[in-house]
Q: 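I am attaching a structure below and will ask some questions about it afterwards.
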Amino acid sequence: MPDLAITVNGEPRTVPGPATLDDLLHGLGLDARTVVVEHNRRIVRRPKLGETPLAPGDAVELVHFVGGG
């Protein structure tokens with residue numbers, strides 16, 4: 001399958017297709033429990049990450065939780 005050209009946190013990136021948001025997180029070494037995922041300006045809940053496919057031109061924003069006090 002061809003690579004997908006997407007944008008992650010404002011930076012162009014290519015990922016092997018077909019791919020889901022969950023695949024993207026795994027490829028970036030991120031745990032879905034520690035990030036909020038926005039896909040094309042919509043928040044995607046954790047149970048839906050594996051069901052949400054990526055397409056060329058998609059925009060993904062990842063916000064990391066930071067612990068502390």
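Below, all heavy atoms of this structure are taken into account, side chains as well, without hydrogens, waters or symmetry copies. Numbering of residues begins at 1 and proceeds along the displayed sequence.
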Q: Less than 4.5 Å apart, side chain to side chain, heavy atoms only: is that true for Val15 and Asp23?
A: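 Contact flag for Val15/Asp23 side chains = no.
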Q: Of the options Val36, Val63, Val37, which is the one that meets Ile43 in a side-chain contact (heavy atoms from CB on, under 4.5 Å)?
A: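 That would be Val36.
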Q: Looking at side-chain heavy atoms only, is the closest gap between Leu28 and Arg13 below 4.5 Å?
A: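 Yes, close enough: below the 4.5 Å cut-off.
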Q: Is a side-chain N or O of Thr7 found less than 3.5 angstrom from the main chain of Gly10, in a donor-acceptor match?
A: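 Answer holds: no.
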Q: If we ignore hydrogens and angles and just use 3.5 Å, is the side chain of Asp22 paired with the main-chain N or O of Leu49 as donor and acceptor?
A: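 Absent.
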Q: Under the salt bridge (charged side-chain N to carboxylate O under 4.0 Å, His left out) rule, collect the residues that match up with Glu51, sequence neighbours excluded.
A: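 Testing Glu51 for salt bridge (charged side-chain N to carboxylate O under 4.0 Å, His left out), a comparison that skips the adjacent residues, returns Lys48.
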Q: For residues Asp3 and Pro16, report the shortest heavy-atom separation together with the two atoms involved.
A: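 Scanning both residues, the minimum pair turns out to be OD1-CA, 3.5 Å.
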Q: Rounded to the nearest 0.5 Å, what's the gap from CG on Asn9 to NE2 on His64? Could you check?
A: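 Asn9 CG to His64 NE2: 6.5 Å, rounded to 0.5 Å.
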Q: Just how far is it from atom CG of Asp31 to atom NE2 of His26, taken to the nearest 0.5 Å?
A: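 If I round to the nearest 0.5 Å, the distance is 7.5 Å.
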Q: Atom CG in Asp58, atom CD1 in Ile6: separation rounded to 0.5 Å?
A: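 It is 7.0 Å, given to the nearest 0.5 Å.
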Q: Hey, could you give me each pair passing salt bridge (charged side-chain N to carboxylate O under 4.0 Å, His left out) that has a residue in residues 36-46? Not counting sequence neighbours.
A: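 Pairs touching residues 36-46 that pass the test: none.
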